[in-house]
There are 2 protein chains.
Amino acid sequence: MKVTIYDVAKEANVSIATVSNVINKKGRIGEKTRRRVHEAMEKLNYEPNILASALTGKQTKTIGLIIPDLANPFFSELARSIEDRAHELSYNIVICSTDYQEEKENKYISLLKQKRVDGFILASGFENLEKVQELLNEDIPVVIVARDYPNFSINAVALDDYMGGYQAANHLLQLGHKNIGFIALDVYSNRERIRGFKDALKEYQIEPRKDLHFIEDKKQSLVRAGNISAKKYLESGDIPTAIFACNDLLAIGAIQVIRDAGLNVPDDISIVGFDNTNIATIVDPPLTTMSQPIQRMGREVMDLIISIFKGERDDEVRITLVPDLVKRKSTKEL
Amino acid sequence: MKVTIYDVAKEANVSIATVSNVINKKGRIGEKTRRRVHEAMEKLNYEPNILASALTGKQTKTIGLIIPDLANPFFSELARSIEDRAHELSYNIVICSTDYQEEKENKYISLLKQKRVDGFILASGFENLEKVQELLNEDIPVVIVARDYPNFSINAVALDDYMGGYQAANHLLQLGHKNIGFIALDVYSNRERIRGFKDALKEYQIEPRKDLHFIEDKKQSLVRAGNISAKKYLESGDIPTAIFACNDLLAIGAIQVIRDAGLNVPDDISIVGFDNTNIATIVDPPLTTMSQPIQRMGREVMDLIISIFKGERDDEVRITLVPDLVKRKSTKEL
DNA sequence: TTGAAAGCGATACCAG
DNA sequence: CTGGTATCGCTTTCAA
């Protein structure tokens, strides 16, 4: 049978209240009693039941992390960095992949609410903010990461996507490219990137192509989506000299198709990706890409949500990190 | 304030016992009362507190998943497949990365025990089985996946690693290779693979090289470990014509170094990997590799642990899946 | 400094 | 069929 606080109390010849106090370092307890209680806990190998204590209003020390897809390297790396920080702070993370399906998002959220997680970290698409608002209304801490929602008041650790798109385009422009393709998902962050991208073009007085690709079908693999988009460019009759892909997986898909067509990256077509996941260094050629500070994001978002738990924030916080261009071998002067 | 079973009872003009019964479909309840209760729940937007019900002995519907590293594609893909099945069954997964550190394993396990997870799925190295035995002694369901422990009685979904090593070697042997290098981690599964590998060589009357590499330092990245091992082979004065790497990441590390040395894969050196993670199709050349049925494993292991919850098993179960050779472009006839 | 007792939200047994 | 009540393990007043 599981050993409870009662067993410890009996063993130490004190009341359960006293045991509770020594565990939580509350009230004033005599040195001797404290030691007796500790010895009893040791002896019985006592482990407090967090469920029971959570029932009385304390935290569950568990946080829900909602992401689109754990098998996507960007999100698994992000999840890992969040988990690391959580572990340091003695929290656990429940990870939920939504595949951008609202239905899954909703089911996960209500399941985790029932389990009384202390808060949510949201990295999913969430085009529908109702559910999020619901959480906020119920005073459940929510922090957004790697996604941004303008015009929506919420704590967030976000990336400056506009800047990312701008810098990526700038890099290509400086290399002399004028005819640049673009592949993206139809989500807010990617739309921001294209905005930056277009603004950069504008500064060079270059008209963007008419056929900028947004992927609609969110269920297919991103690599395949990259394949398809790149193929369209190759068959368009006006092959771009460079392509900006909104994440590394799309970029890789593009590279594959380009190579299959007998062309070379970067000699014939330059590619720049986004995210700088581990696979960017693995592919051939190593990918020039916009680096998201994944480690930093994980840490910041955990620290942010913890500070909310502690009630240290009544104001809304939005931490914006800037991406960095990492030059590798997939881009080249025209 | 949170709405509780008492609120529902009051709203529906019944006792909490009745409400509880209709929720759990227990006992016999009049059609009218049932409807009244349901209406009340709807109206108040009632969500049962799982903590409270877990306190009375019911399940928490939460499972702990202990893996070495969530950022490793094999484990993130495995985690994803487990999560998918868990979601179908209305379970949540708490993911913990241990980096093969016993200290982390222990901390995670005791944390999750306190949180009363229903069981553990272990995919970590666990060279030290004490902690596992402890769980078993306390009657906490444990299932091992993607790792095997011979001479240890436990439920497991394992891969036939011996067969995997055997097949990989066989493939190389059939292509005419005789001088084959080997790169592995120093964990049980990899030791099994080498056993199969050597047995295959034996059938061809080939003496294995003396310098088969086991990586000791588990903290470095696997790609880097692959780099280092492959470099040793290149500098050994007796360059192998093929290398069998015990996972895809190691294989990729080897490919990088070989290419940097001005050699070609597979023309100069053939490489076969292990796992068949998504990145195997992404690298250049696409990796010939032993495929672990990741989807299948995730499903089997979830179903296995659930069947243990249900008490459907008193006997020990060990499900062994066989890996498949997936031929791509990184191996070639000698 | 310590303890008795009331609750947290649900389950389950036993009456009626 | 329905309801009263003890119980799960812990926290938290409030007295002593």
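Below, read A as the first sequence line, B as the second, and so on, with proteins coming before strands; counting in each chain starts at 1.
Straight-line distance from the CG atom of A:Leu55 to the P atom of C:dT11: 12 Å, rounded to whole Å. Between the CD1 atom of A:Ile16 and the P atom of C:dG7 there is a distance of 15 Å, given to the nearest Å. To the nearest angstrom, P of C:dT11 lies 5 Å from CG of B:Asn24. Separating the CG atom of A:Leu51 from the P atom of C:dA10 is a distance of 14 Å, rounded to the nearest angstrom. Taking atom CD1 on A:Ile5 and atom C1' on D:dT7, their separation rounds to 16 Å, with Å as the unit. Between the CZ atom of A:Arg116 and the P atom of C:dA10 there is a distance of 7 Å, rounded to whole Å. Rounding to whole angstrom units, CD of residue A:Gln114 and P of C:dA10 are separated by 10 Å. Atom-to-atom, NZ of B:Lys58 to P of C:dA12 comes out at 6 Å; the value is rounded to the nearest Å.
Using a 4.0 Å heavy-atom distance criterion, B:Val14 is classed as a sugar-phosphate-only contact. Nucleic acid contact class of B:Asn21 (heavy atoms, under 4.0 Å, all strands): none. As judged by a 4.0 angstrom heavy-atom cut-off over every strand, B:Gly30 is placed among residues touching the sugar-phosphate backbone only. Among the atoms of the strands shown, base atoms are found under 4.0 Å from some heavy atom of A:Ser20.
Shortest non-hydrogen contact noted between B:Ala54 and A:Leu51 is CB-CD1, 3.4 Å.
Taking only side-chain atoms of A:Thr56, from C-beta outward, the nucleotide of C:dA10, C:dC8, C:dT1 with the closest atom is C:dC8. Comparing D:dC10, C:dA12, D:dC8 by their nearest atom to the side chain of B:Lys26 picks out C:dA12. Listed candidates were D:dG9, C:dT1, D:dT2. Nearest to the side chain of A:Ala52 is D:dG9. Among C:dA5, D:dC1, C:dA10, the nucleotide with an atom closest to any side-chain atom of A:Ala17 is C:dA5.
Heavy-atom neighbours of A:Lys10 NZ from other residues, nucleotides or ligands within 6.0 Å: at or below the threshold of 12.
Contact check, B:Tyr6 against C:dT11: no side-chain N or O comes under 4.0 Å of OP1 or OP2. For D:dT2, the OP1/OP2 oxygens have a side-chain nitrogen or oxygen of B:Thr33 closer than 4.0 Å. Contact annotation: B:Lys2 side-chain N/O to C:dG9 OP1/OP2 distance is not under 4.0 Å. Taking side-chain N and O atoms only, A:Ser15 has a distance below 4.0 Å to OP1 or OP2 of C:dG3. Taking 4.0 angstrom as the limit, B:Thr18 places none of its side-chain polar atoms (N or O) nearer than this to OP1 or OP2 of D:dC1.
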task = Please step through side-chain contact (heavy atoms from CB on, under 4.5 Å) for the pair B:Glu11 and B:Asp7, ending with a clear verdict.
result = CA-CA 6 Å; B:Glu11 178 73 26; B:Asp7 303 319; over 6 Å; no
Step-by-step side-chain contact (heavy atoms from CB on, under 4.5 Å) determination, B:Asn49 to A:Leu55 = CA-CA 9 Å; B:Asn49 183 330; A:Leu55 191 56; 4.0 Å; yes
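For the side chain to side chain contact (heavy atoms under 4.5 Å, CB included) test with A:Ile319, the passing option among A:Val301, A:Leu159, A:Val157 is A:Val157; the others fail.
To the nearest 0.5 angstrom, B:Ser76 atom OG is 9.0 Å from A:Glu77 atom CD.
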